[in-house]
Amino acid sequence: MTVLWVWVRGIVLLLLVILGVELLMPRSAFRQYLRLVAGMILVLVVLEPVLGWLGGEVPSLGSPPGGLTPGWFPSVPAGPGGAGNLRREVQAAVDRQVRAAFRERVAAAVREVLLGSGSVSEAWVEVVLGGDGFEITGVRARVRARAGGTLSPTERERLRGAVAAYLGISPDRVTVGEG
């Protein structure tokens, strides 16, 4: 029963690794190749003991010839640079991607607010997040007025207030300039 448990545990761990790698990959054409290779590896892992019991030869994935032994699935050492460090690195990478996506979505929303004002033809927006969280500490926007004109100070102040009200932050955190 131990061999069966180790085999199932190895398959589950492999599936988790495949899922983690797939989540970290950007959405692109490479994803289908990753799935193909991962599927082939998974088939080999599933068939390895079956072919070993039937006497067939299969490329070994770390187990000795003839079947499974406890600990056959490659593991990450628990010391410095081991599983704990790997987990922190993966979590940090995911956090960076989530923060970047959040920043981009907020910038796109602010851009829509500015363009929807009627007085702006183009807008470039930068969102500054504070600390380790998702607190918006600043929004810097550069706009181009419609018809090649310039924005009056009161119009810039109105845009600044609209952005601040949309985001629910203080107008002191928003700057709107032309350029």
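Please read these numbers as outputs of a predicted model, since none were measured by experiment.
- Each of Val143 and Val128 belongs to its own hydrophobic cluster when Ile, Leu, Val, Met, Phe, Trp and Tyr are linked at side-chain heavy-atom distances under 4.5 angstrom.
- Under a 3.5 Å cut-off, the side chain of Arg160 and the backbone N or O of Pro171 do form a donor-acceptor pair.
- Rounding to the nearest 0.5 Å places CD of Glu122 at 10.0 Å from CZ of Arg146.
- Evaluated for a side-chain contact (heavy atoms from CB on, under 4.5 Å) with Val110, the options Val176, Val139, Val174 yield exactly one hit, Val139.
- Checking side-chain atoms of Glu178 against main-chain N and O of Thr150 turns up no donor-acceptor pair under 3.5 Å.
- Considering CZ of Arg144 and CG of Leu115, their distance stands at 12.0 Å, rounded to 0.5 Å.
- Arg111 contributes atom CZ, which lies 9.5 Å from atom CD of Glu104 (distance to the nearest 0.5 angstrom).
- Counting all heavy atoms, side chain and backbone alike, Ala145 lies closest to Ser121 at O-OG, 3.5 Å.
- For Leu129 against Thr137, the heavy-atom pair with the smallest separation is C-OG1, 3.8 Å.
- A donor-acceptor distance shorter than 3.5 angstrom exists from the side chain of Arg173 to the backbone of Ile136, with no hydrogens or angles considered.
- Here Leu19 contributes atom CG and Leu14 contributes atom CG; the two are 11.0 Å apart, rounded to the nearest 0.5 Å.
- The distance from the CE atom of Met40 to the CG atom of Leu42 is 12.0 Å, given to the nearest 0.5 Å.
- Contact record, Glu155 with Ser119: OE2-OG, 2.6 Å, taken as the closest heavy-atom pair.
- The hydrophobic cluster containing Val106 does not contain Trp124, counting ILVMFWY residues as joined when their side-chain heavy atoms lie under 4.5 angstrom apart, directly or transitively.
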